[in-house]
Amino acid sequence: MLKTKDLSYWYDQKKNSLFENVNLEFEAGQSYAIVGQSGSGKTTFLSLIAGLDKPKAGSIELDGKDINKIGLTNYRKKDVSIVFQSYNLFTYMSPLNNLLTAMSVTESRHAGDKEYAQQMLAKLGLTDSQMKTNVQQLSGGQQQRVAIARTMVCDANLVVADEPTGNLDEDNTTEVIDLFQQIAHEQGKCVIIVTHESAVAQACDNAYRLEKHEFSAV
Amino acid sequence: MNFLKRAWLSLTAKKGRSVLLILVTSAIMLFVLAGMLIHSAADTATTNAKKSVGATLTLSANRETAFKKMKKSSSSKPKLTTTPIKLSDAKKIASLKNVASYNVTATTSVNAKSFDAISTSTGSAGPGGQSSSSGDIAVTGVTNTSQVSSFEDETNKITKGRGLTSADKNTNNTVIESELAKQDNISVGDTIKVKSTSGSKTYSLKVVGIYKTSSSSTIQQGPGATDPANTIYTSYTFANTVKGSKYANTADSVTFNVSAPSKVSSVKKAGNQVINNSKYTLATNDSSYQTVKSAMNNVKSFADKIVWLVAIAGTIILALIVILMIRERRHEIGVLLSLGESRWKIIGQFFAEMVIVLIVAIGIAGIGGKSVGDRLGDQLVSQQSASSAATISAPGDKSVQMSGKPGGPSGSGSAVQGGGGPSSAGTSGASSQQTDLNVNVSVLNMVELGGFGLAIMFLSTMIASGGILRLQPKKVLID
């Protein structure tokens, strides 16, 4: 589904590359963990496959098409959903409106379907009143569930997550990992999680370690 | 949920910020509207002034030529001699196309004989009934009192009996002032006697009407006739009789009413061709109009400056507010970008928010604009009045006064009040022009304000949107 071809990235000079000539393949219906030490470049890698930045060399292909040719804005809109460590929800909206906004912006086939959004939120354990309250009044775990629900209501087949459990306690971490597994296995999406937590990596179907500028399967 | 709905949600969710934006925008719009209203009211005042003064022409003696003759005179005591207007010459103009009617004016003074003239403490008139060489009663001989400017502008009003008409030609009918009538117990139908200032010829006049004047003018014909109540109206033929036989069929001035203000220039041109220009002057009495125009131009210029200064300052202030707002909402913008929203739609959302704010602000400005415009307009007109009164003096010793109408909105429909037309051929000596800005909010004003507001909002959003166009979601959301 998603393929990196000789992917390289550096900030100032090529000799200080974060990673070079990375060739990885990610399949639909599978979950992947990218692990590595802080500063190893795993988040930068995620920002490249999420279409938030451009590689210095090499390319990323989605179903055989270079994402640069698709256009990064279009790619983000149609093909990829992102979950952040700090949730990144619209703070002035309710969970329900957060989902409706995402569905509208990404032109999801469910755009405008309030019931569908409510079903998703209910599936993730939010009560009716929680769905309509301001997101800032929810706990961290609940906010992250709203962020995950946002990826579920969009049509994108690729879900990337940057340290999604970084701000959560153990119980919530387990729940969130389960949700990502559901997304991969039940919705048939490709889930790529950048994490430094071994428990998360172990729960995923596949794991890669970024170390010394190179990726290796764990 | 499209960007318009997001804009609405953002505004309603962040009420404090929205109220602040509405207040700032309302203040800006209020001053822009006030400036626009003053400009438009000044325009209306100028137009109305033109309408009120522009439809008459006055034929009078050419004083300039008379002055030149006086200067050239070798006499030890040179005398300014003006030629009385021959009615036959006036009739040539009266017969021109577009001249609707004309009013002959001849003035003189007499002494009261069978009654006492009003004496004022400040006046120089002697006690009533005492003869004065300059006369204590001013006689204004006219064709028709209703065509005299002081009656037209209702400074003088007939309260009893009737005014004079062309039917009173060659009669000794008169219209006297109510105070004079009251003091001397004179009623309509009574006969009063006056005598000439030179010699002892006595004339009997029949009172056919009594008028009440609101004029406070003290400059009358001759030092003995300082009180306006001492002015009596007669037929011009009677005034000429008093003046002497050589004044038969002459006039001091003749006022021609032109059918439409737009025809005045053509009538004036044609009139100048049929009269002797060295003897007579045919003029449009637009000095008061010119004064109003000049003052209103100053007011308009100031109003324009208000509009532009507020618009520029408003754009800068709003741009700064939007820049701060965008900085505060970088995170939200980053999330939208990560979802694949186009940058222009995000800018569109901010613009939509500002437009919603603008709509409320225009409503507030519409409510308060008239009040602010009135106060500001009055202040401007008062300043103009002060400077005009100090500096402007129209030809013929007709000082033109302008006065604002302090204390709020004007209820009058007319922006320019008072007579602007040719006065009764110098008989009143001074004319008063009261100019009042009639500030009213019209639909057109609101549409213009909306356009102005949209331009300000668009500019400020565009200035502030540079940040959005440069924003990298990765930097906001991940770094």
Side-chain angles (χ1 to χ4, degrees), chain A residues 11 42-48 50-54 70-94 96-108 111-114 117 134-136 147 150-151 153-156 160 162-163 194, chain B residues 1-22 321-322 324-354 356-357 465 468-479:
Chain A
Y11 280 104
K42 55 187 190 296
T43 296
T44 302
F45 177 76
L46 177 128
S47 70
L48 295 178
L52 295 172
D53 202 355
K54 286 180 180 174
I70 296 170
L72 292 187
T73 301
N74 208 27
Y75 172 70
R76 290 198 299 265
K77 180 184 276 200
K78 299 280 185 189
D79 300 311
V80 63
S81 275
I82 313 167
V83 178
F84 300 93
Q85 182 178 353
S86 51
Y87 328 128
N88 286 338
L89 299 170
F90 297 110
T91 52
Y92 59 88
M93 290 184 192
S94 64
L96 187 60
N97 278 334
N98 262 278
L99 263 59
L100 289 170
T101 300
M103 287 155 79
S104 162
V105 172
T106 60
E107 295 167 8
S108 154
D113 189 343
K114 205 171 167 180
N134 185 281
V135 284
Q136 286 179 307
R150 187 167 66 184
T151 70
V153 294
C154 295
D155 296 338
V160 296
D162 180 31
E163 304 278 10
V194 162
Chain B
M1 185 182 294
N2 59 28
F3 69 94
L4 293 173
K5 202 166 177 186
R6 283 205 311 267
W8 176 250
L9 269 179
S10 170
L11 281 174
T12 49
K14 296 179 179 177
K15 291 185 179 69
R17 190 193 64 192
S18 306
V19 169
L20 181 74
L21 269 173
I22 287 170
I321 291 175
V322 180
L324 289 174
M325 195 169 88
I326 286 171
R327 283 177 74 89
E328 180 206 330
R329 294 170 71 178
R330 274 163 58 94
H331 194 261
E332 178 192 341
I333 298 165
V335 178
L336 283 167
L337 289 173
S338 78
L339 285 169
E341 184 67 302
S342 89
R343 290 170 198 270
W344 286 111
K345 275 194 181 170
I346 297 170
I347 293 169
Q349 178 188 335
F350 287 117
F351 182 60
E353 285 179 24
M354 298 305 280
I356 296 169
V357 166
S465 295
I468 297 176
L469 296 174
R470 287 193 302 271
L471 196 72
Q472 294 301 319
K474 182 194 166 197
K475 287 201 167 111
V476 183
L477 302 173
I478 293 179
D479 289 354

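All values below were derived from every heavy atom in this structure, side-chain atoms included, with hydrogens, water molecules and symmetry-related copies excluded. Proteins come first, then strands; the chains are lettered A, B, ... in the order of their sequence lines, and each starts at number 1.
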Using a 6.0 Å cut-off, check whether atom NZ of B:K345 has over 12 heavy atoms from anything other than its own residue.
no
Given heavy-atom pairs under 4.5 angstrom as the criterion, report whether the side chain, backbone, both or neither of A:L46 touches chain B.
side chain
Step through the shown structure and confirm whether more than 12 heavy atoms of other residues, nucleotides or ligands are within 6.0 Å of CZ on B:R17.
yes
As an exercise, state the distance from CD of B:Q472 to NZ of A:K54, rounded to the nearest 0.5 Å.
9.0 Å
Given heavy-atom pairs under 4.5 angstrom as the criterion, report whether the side chain, backbone, both or neither of A:D162 touches chain B.
side chain
Minimum-distance pair of heavy atoms, taken over all atoms of B:G340 and A:V105
C-CG1, 4.2 Å
Roughly how far apart are A:L52 CG and B:L477 CG, rounded to 0.5 Å?
7.0 Å
Donor-acceptor under 3.5 Å (B:R6 side chain, A:T101 main chain):
no
Region of B:R329 in contact with chain A, defined by heavy-atom distances below 4.5 Å:
side chain
Any non-hydrogen side-chain atom of A:N88 less than 4.5 Å from a side-chain atom of B:H331?
yes
In terms of heavy-atom proximity below 4.5 Å to chain B, should A:Y92 be classed as side chain, backbone, both, or neither?
both
Could you tell me the separation between the OG atom of A:S104 and the CD atom of B:E341, rounded to the nearest 0.5 Å?
7.0 Å
Pairwise distance OG(A:S94) to CG(B:L9) - rounded to 0.5 angstrom
8.0 Å
